[in-house]
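Working notes, structure below.
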Protein chains: 2
Amino acid sequence: MKIGEFSKKSGCSIQTIRYYEREGLLLNPNRSEGNFRLYDSKALKQLEFVKHCRSLDISLNDTKRLLELKNKPEESCSSVNALIDQQLALVNKRMKELRALKAELQQMASACGSNNTIEACGIIKSLDS
Amino acid sequence: MKIGEFSKKSGCSIQTIRYYEREGLLLNPNRSEGNFRLYDSKALKQLEFVKHCRSLDISLNDTKRLLELKNKPEESCSSVNALIDQQLALVNKRMKELRALKAELQQMASACGSNNTIEACGIIKSLDS
DNA sequence: CTTGACTCTATAGTTACTATAGGATTTATA
DNA sequence: TATAAATCCTATAGTAACTATAGAGTCAAG
Ligand SMILES: [Zn+2]
Ligand SMILES: [Zn+2]
Ligand SMILES: [Zn+2]
Ligand SMILES: [Zn+2]
């Protein structure tokens, strides 16, 4: 299939597909006579793997590492496990940060019950301190 | 004070200060004879306002809007309130996403109890499906 | 044989910084 | 006073993960 169909089947934009190729997350596909990219179902599987990683907020760099590991079936998977643990730690850290943000934003929102002048706005006051 | 002291007092890197100036978040400071930037305590207050906004993940664009509003004390603060509400909605959305991420990552982590070969790794399997 | 849909490469834009390179200026030391 | 060190200046490029053009080539249908 050509890149248009590949894009629709994968739900990835054409530009993103070409970007992933440049970044080494997709193998260089075969080309037609007119230089069009030609994909098969194996390429689709690989792209879906990448999308799955991205949906977990795994960086493209780490995704690339996972793809490389995937091609060494007999090696130990300890670095895979470490990578996921690290990703989990990242998510936990960000959640903690967001909880703090949320608390302060809520407090600020309640500091300005309704419409005031800017001069009297509790939000501006709290941002100013 | 010159930019070095300003940077230390504010906890903002020198490059970031210059960047904020370029982006219109800090007024163009007076210059010394040798063209060095000179700051006063008013500039420091403004930078602290910006930092407070950023610590709440408010974008530089929105921060700029807040600064502009701050200079119109007699206007209604309804857009300030709206901005904070929107920020809160954003935080809530991201928290929801992160909870889903966390759940899937945890499930994946538990799918590979300990060291396996990559071939047998539950994490790789789950990323592949 | 021309129109239109599709594809190609190369390049620039996005956000919020960070990091140089290559000079100029000021301050401290010998 | 000469020079070295610290500080400052502008301009430019890099970061992550895309997105959006511009300008040209390819291909199928009418
Ligand atoms: Zn999944
Ligand atoms: Zn208000
Ligand atoms: Zn605060
Ligand atoms: Zn494993």
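As a basis for the values below, the full set of heavy atoms in this structure was taken, side chains included, without hydrogen atoms, waters or symmetry mates. Residue numbering restarts at 1 for every chain, and letters A, B, ... go by the order of the sequence lines.
Both the sub-6.0 Å distance and the 45° axial angle are not jointly satisfied by A:K2 relative to the ring of A:Y39.
In this structure, B:H52 contributes its side chain and A:D128 its backbone to no donor-acceptor pair below 3.5 Å. In this structure a side-chain-to-backbone donor-acceptor pair under 3.5 Å is missing from A:T16 to A:C12. Side-chain atoms of B:R94 do not come within 3.5 Å of backbone N or O of B:L98 as any donor-acceptor pair. Looking only at distances, a side-chain donor or acceptor of A:K64 sits under 3.5 Å from a matching main-chain atom of A:E23. Using a distance-only test at 3.5 Å, with no hydrogens or angles considered, no donor-acceptor pair links the side chain of A:K102 to the main chain of B:N92. Using a distance-only test at 3.5 Å, with no hydrogens or angles considered, a donor-acceptor pair links the side chain of B:Q87 to the main chain of B:D57.
Distance check, rounded to the nearest 0.5 Å: CZ of A:R18 to OG of A:S7 gives 9.5 Å.
Atom CD1 of A:I58 and atom P of D:dC18 are 13 Å apart (whole Å). Here D:dA17 presents its P atom at 9 Å from CG of A:L25, a figure rounded to the nearest Å. Distance A:I17 CD1 to D:dA17 P: 18 Å, rounded to the nearest Å. The interatomic distance linking B:E5 (CD) with D:dC8 (C1') rounds to 14 Å, in whole Å. A:Y19 has its OH atom 19 Å from the P atom of D:dT21, to the nearest Å. Going from atom CG of A:L47 over to atom P of D:dC18 covers 11 Å, rounded to whole Å. In this structure, CG of A:D57 is placed 15 Å from P of D:dA16, rounded to the nearest angstrom. What separates CZ of B:F6 from C1' of D:dC8 is a distance of 15 Å, to the nearest Å.
For A:F36, the listed nucleotide lying nearest its side chain is D:dC27; candidates were D:dT7, D:dC27, D:dA17.
Note on B:Y20: only backbone sugar-phosphate atoms sit closer than 4.0 angstrom, heavy atoms only; bases stay farther off. Residue A:S59 is classed as a sugar-phosphate contact, given heavy-atom separations below 4.0 Å to backbone atoms only.
The cluster map of Ile, Leu, Val, Met, Phe, Trp and Tyr, joined by side-chain heavy atoms under 4.5 Å apart, puts B:L67 and B:V80 in the same cluster.
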Verdict with reasoning, B:E5 to B:K9, per salt bridge (Lys or Arg N to Asp or Glu O under 4.0 Å): CA-CA 6 Å; B:E5 192 182 346; B:K9 276 199 181 148; 3.2 Å; yes
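In summary, contact between chain B and DNA chain C, defined as any nucleotide atom under 4.0 Å from a heavy atom of the protein, begins and ends at C:dA16 to C:dT26 in the 5' to 3' direction.
The overall bend of the helix from C:dC1-D:dG30 to C:dA30-D:dT1, read as the angle between its terminal helix axes built from five base pairs each, is 30° when rounded to 10 degrees.
Position along DNA chain C of the nearest nucleotide to B:N35 versus A:I14 favours A:I14 as the more 5'-ward residue. In terms of position on DNA chain C, the residue among B:L60 and A:I3 whose nearest nucleotide sits closer to the 5' end is A:I3.
Side-chain nitrogen and oxygen atoms of B:S32 include none within less than 4.0 Å of the OP1 or OP2 phosphate oxygen of D:dC8. For D:dC8, neither phosphate oxygen OP1 nor OP2 lies less than 4.0 angstrom from any side-chain nitrogen or oxygen of B:R18.
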